[in-house]
S.K.: 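Below is the structure I would like to discuss, written out as structure tokens.
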Amino acid sequence: MHAVQVSFFVDPQGRAPRQLLREWHSLVDIAACARAAGVRVTVLQAHGRDEHLVREGIDFHFVSAKRSGVALSEDAGFLRLLQELAPDVAHVHGLGFSQGVLGLRRCRPHLPILLQDHADRTPRWWRRAAWRRGVAAADGISFCARGLAQPFIASHDIAPHVRIFEIPESTSFFTPGDRTAARSITGLRGDPCILWVAHLDANKDPLTVLDGVSTAILALPGLELWCCYGSAPLLGAVQERVRTDARLRERVHLLGRVPRERIELLMRAADLFVLGSHREGSSFATIEALATGLPPVVTEIPSLRALAGGAASYWQPGDAASLTNALLLATENLQERRKLTREQFECEISAAAVGSKLRAAYAALIEQRSHAAA
């Protein structure tokens, strides 16, 4: 089986192909997952210039395109390459590249096409007709959680013939490690030691997390919270909340942006991972926590429930008291929780597990097309 994974999105920063492969982890990792399941994988990535790179047996073709979606699907070099590769199935990243998908369908009328959701939202009314045509040209869509498809189904944006698959958005190659050694290297401490890895924005809701943590400290006086974040529109509000709460003042540590390789060490050093998201298409930080065996305390939303399964302690978005209760519950039997967390990762989100799900989806769509043509 030969799958072509296509990304119509053009990097707005104009980074070089080698840099993109280092920094766009999901582009590389989802290809590695399919390859781990025995699928031959070729990646076609829209870019500002043509370049061909090989990583661990996977061909990455960067194909000239001046803007996302449209130019690539109409590019003669892209179309010629697609014909030469003669894939059995196409796997397109994102739901919002209608013209790209339609161009792909015109080029290969009988090619099975799987779209992969990447936290896409239902389209605005003025884009809806074009969006629907692109999705209708596909045969299937994968969501991290089946529940994420419901808004699209309710608004009739997914045609009835398009099959829905539940597949994690990516995997992680983080591994568990010695907690004592990781604490020595990172300087993390706390009983429990809680790690936050997320933006400081309204969706991630750090202020509700701080409220819940503040109350939890009454029962867990040794608790310390360590926060890694990229964008931080709520940084000022977070700093003020910490400054004005005597319980938080010495126990909350704002680390800022942290290199990805250090995140793995921080996760090995921590006791719990906390996240306050109201909405997620997926959560790479949660996937990484599960990979390191770090028990998650996360909001009960479809994507996080699908990822963490029975390994997490769940709380309701925006409800600080619910978080406090979840934190107290999560501190019980931490060693057993670590084991359960890693088992959840191995069964559902490891490269082998995701690859198996991708291969099954590819095979189902190939069979569906075959029956339609018979």
S.K.: Strictly by modelled atom types, are Glu169 and His118 linked by a side-chain donor-acceptor pair under 3.5 Å?
M.R.: yes
S.K.: Show, in sequence, the C-alpha distance, side-chain angles and deciding distance for Arg163 and Asp139, and conclude whether the salt bridge (charged side-chain N to carboxylate O under 4.0 Å, His left out) test is met.
M.R.: CA-CA 6 Å; Arg163 296 180 63 173; Asp139 301 278; over 6 Å; no
S.K.: Does Leu272 belong to the same Ile/Leu/Val/Met/Phe/Trp/Tyr cluster as Phe174, with side-chain heavy atoms less than 4.5 Å apart forming each link?
M.R.: no
S.K.: Within the 4.5 Å heavy-atom criterion, are Asp211 and Arg241 side-chain neighbours or not?
M.R.: yes
S.K.: Are the side chain of Asn333 and the backbone N or O of Glu336 linked by a donor-acceptor pair below 3.5 Å?
M.R.: no
S.K.: Check step by step if side chain to side chain donor-acceptor pair (under 3.5 Å) holds for Thr208 and Asp205.
M.R.: CA-CA 6 Å; Thr208 296; Asp205 203 357; 2.9 Å; yes
S.K.: Can a donor-acceptor pair be found, under 3.5 Å and without considering hydrogens, that links the side chain of His161 to the backbone of Ala136?
M.R.: yes
S.K.: Using atom types as modelled and distance alone, determine if a side-chain donor or acceptor of His199 lies under 3.5 Å from a backbone N or O of Ser231.
M.R.: yes
S.K.: Carefully, step by step, assess Glu288 and Arg260 under the rule salt bridge (charged side-chain N to carboxylate O under 4.0 Å, His left out).
M.R.: CA-CA 10 Å; Glu288 289 169 344; Arg260 189 166 183 262; 3.2 Å; yes
S.K.: Using the rule given for side-chain contact (heavy atoms from CB on, under 4.5 Å), can you reason through Ile349 versus Leu307, listing the C-alpha separation, both sets of side-chain angles and the distance that settles it, and then say yes or no?
M.R.: CA-CA 7 Å; Ile349 320 172; Leu307 290 172; 4.0 Å; yes
S.K.: Treat each ILVMFWY residue as a node, draw an edge where side-chain heavy atoms are under 4.5 Å apart, and state whether Leu254 and Trp226 are in one component.
M.R.: no
S.K.: Can you tell me how far OH of Tyr229 sits from CG of Leu200, rounded to the nearest 0.5 angstrom?
M.R.: 6.0 Å
S.K.: Can you find a pair of side-chain heavy atoms, one from Leu323 and one from Thr299, that are under 4.5 Å apart?
M.R.: no
S.K.: Go through the steps for Leu115 and Ser142 under the test side-chain contact (heavy atoms from CB on, under 4.5 Å), then give the verdict.
M.R.: CA-CA 6 Å; Leu115 309 184; Ser142 73; over 6 Å; no
S.K.: Find out whether Phe62 and Leu44 are in side-chain contact, i.e. whether some heavy atom of one side chain is under 4.5 Å from a heavy atom of the other.
M.R.: no
S.K.: Side chains of Glu280 and Ser283 only: does a donor on one sit below 3.5 Å from an acceptor on the other?
M.R.: no
S.K.: Given side chains that start at C-beta, do those of Pro296 and Thr341 come closer than 4.5 Å, heavy atoms only?
M.R.: yes
S.K.: Could you check if a side-chain atom of Leu223 sits within less than 4.5 angstrom of a side-chain atom of Asp191, using non-hydrogen atoms only?
M.R.: no
S.K.: Between Phe345 and Ser172, which heavy-atom pair has the shortest distance, and what is it?
M.R.: CZ-O, 3.2 Å
S.K.: Using a strict cut-off of less than 4.0 Å between a Lys/Arg side-chain nitrogen and an Asp/Glu carboxylate oxygen, indicate whether Glu51 and Arg49 qualify as a salt bridge.
M.R.: yes
S.K.: With distance as the sole test, does Ser356 use its side chain to make a donor-acceptor pair with the main-chain N or O of Ala353 at under 3.5 Å?
M.R.: no
S.K.: Applying side chain to side chain donor-acceptor pair (under 3.5 Å) to Asp245 and Ser214, what does each step give before you reach the verdict?
M.R.: CA-CA 8 Å; Asp245 188 322; Ser214 179; 2.7 Å; yes
S.K.: Per the side chain to side chain contact (heavy atoms under 4.5 Å, CB included) rule, which among Val39, Val89, Val41 passes with Gln5?
M.R.: Val41
S.K.: Same cluster or not: Leu327 versus Val298, using hydrophobic residues (I, L, V, M, F, W, Y) connected whenever any side-chain heavy atoms lie under 4.5 Å apart?
M.R.: no
S.K.: Give me the atom names and distance for the closest heavy-atom approach of Ile366 to Asp88.
M.R.: CG1-O, 3.6 Å
S.K.: Starting from the C-alpha separation in whole Å, work towards a yes-or-no answer on side-chain contact (heavy atoms from CB on, under 4.5 Å) for Glu250 and Glu224.
M.R.: CA-CA 8 Å; Glu250 302 301 323; Glu224 299 203 28; over 6 Å; no
S.K.: Distance check, rounded to the nearest 0.5 Å: Ile301 atom CD1 versus His278 atom NE2?
M.R.: 9.0 Å
S.K.: Evaluate the side-chain proximity of Arg55 to Arg18: yes if any heavy-atom separation is below 4.5 Å, no if none is.
M.R.: yes
S.K.: Grab the two heavy atoms, one from Pro176 and one from Ala291, that are nearest each other, plus how far apart they are.
M.R.: CD-O, 3.4 Å
S.K.: Under 6.0 Å between ring centres: does that hold for Phe152 and Trp131?
M.R.: yes
S.K.: Rounded to the nearest 0.5 Å, what separation is found between the CG atom of Leu225 and the CZ atom of Arg251?
M.R.: 11.5 Å
S.K.: With respect to Asp271, which candidate in Arg189, Arg183, Arg337 satisfies the salt bridge (Lys or Arg N to Asp or Glu O under 4.0 Å) definition?
M.R.: Arg183
S.K.: Would you kindly say whether His93 and Ser7 are connected by a side-chain donor-acceptor distance under 3.5 Å?
M.R.: no
S.K.: Going from CZ on Arg40 to CG on Asp59, what distance comes out if it is rounded to the nearest 0.5 angstrom?
M.R.: 7.0 Å
S.K.: Is it true that a side-chain atom of Arg105 and a backbone atom of Leu111 form a donor plus acceptor pair closer than 3.5 Å?
M.R.: yes
S.K.: Does a donor on one side chain and an acceptor on the other come within less than 3.5 Å for Arg247 and Thr215?
M.R.: no
S.K.: Is there a side-chain contact between Leu275 and Val297, using heavy atoms and a 4.5 Å cut-off?
M.R.: no
S.K.: If hydrophobic clusters are built by linking Ile, Leu, Val, Met, Phe, Trp and Tyr wherever their side-chain heavy atoms come under 4.5 Å apart, do Leu340 and Leu334 end up in the same one?
M.R.: no
S.K.: Say whether Thr171 and Asp29, considering side chains only, have a donor N or O and an acceptor N or O under 3.5 Å apart.
M.R.: no
S.K.: Assess, by modelled atom type and distance only, whether the side chains of His2 and Thr42 contain a donor and an acceptor separated by less than 3.5 Å.
M.R.: yes
S.K.: Report yes if some heavy atom in the side chain of Pro112 is under 4.5 Å from a heavy atom in the side chain of Arg369; otherwise report no.
M.R.: yes
S.K.: Side-chain heavy atoms nearer than 4.5 Å, only ILVMFWY residues, links allowed to pass through others: does that put Leu266 and Val209 together?
M.R.: no
S.K.: Are the side chain of Ser277 and the backbone of Arg279 linked by a donor-acceptor contact shorter than 3.5 Å?
M.R.: no
S.K.: Please indicate whether Arg249 has more than 12 foreign heavy atoms, meaning atoms of other residues, nucleotides or ligands, lying under 6.0 Å from its CZ.
M.R.: yes
S.K.: Please step through side-chain contact (heavy atoms from CB on, under 4.5 Å) for the pair Phe273 and Val197, ending with a clear verdict.
M.R.: CA-CA 8 Å; Phe273 169 78; Val197 181; 4.1 Å; yes
S.K.: Should the pair Lys357-Glu166 be classified as a salt bridge under the 4.0 Å nitrogen-to-oxygen rule?
M.R.: no
S.K.: For Glu332, does the CD atom have more than 12 heavy-atom neighbours from other residues, nucleotides or ligands under 6.0 Å away?
M.R.: yes
S.K.: Is Arg35 paired with Glu56 through a side-chain N to carboxylate O contact shorter than 4.0 Å?
M.R.: no
S.K.: Side chains of His47 and Asp11: is there a donor and an acceptor less than 3.5 Å apart?
M.R.: no
S.K.: Kindly assign one of parallel, tilted or perpendicular to the pair Phe9 and Trp24, based on the angle between their ring planes and the thresholds 30° and 60°.
M.R.: tilted
S.K.: Measuring from Leu290:CG to Arg342:CZ, what's the distance to the nearest 0.5 Å?
M.R.: 9.5 Å
S.K.: Say you draw a straight line from OG of Ser155 to CZ of Arg132; how long is it, rounded to the nearest 0.5 Å?
M.R.: 6.5 Å
S.K.: Measure the acute angle between the ring planes of His91 and Tyr362, then classify it against the limits of 30° and 60° as parallel, tilted or perpendicular.
M.R.: perpendicular
S.K.: Which residue is it: Thr180, Thr175, Thr292? I am looking for the one with a side-chain hydrogen bond (donor to acceptor under 3.5 Å, both in side chains) to Arg268.
M.R.: Thr175
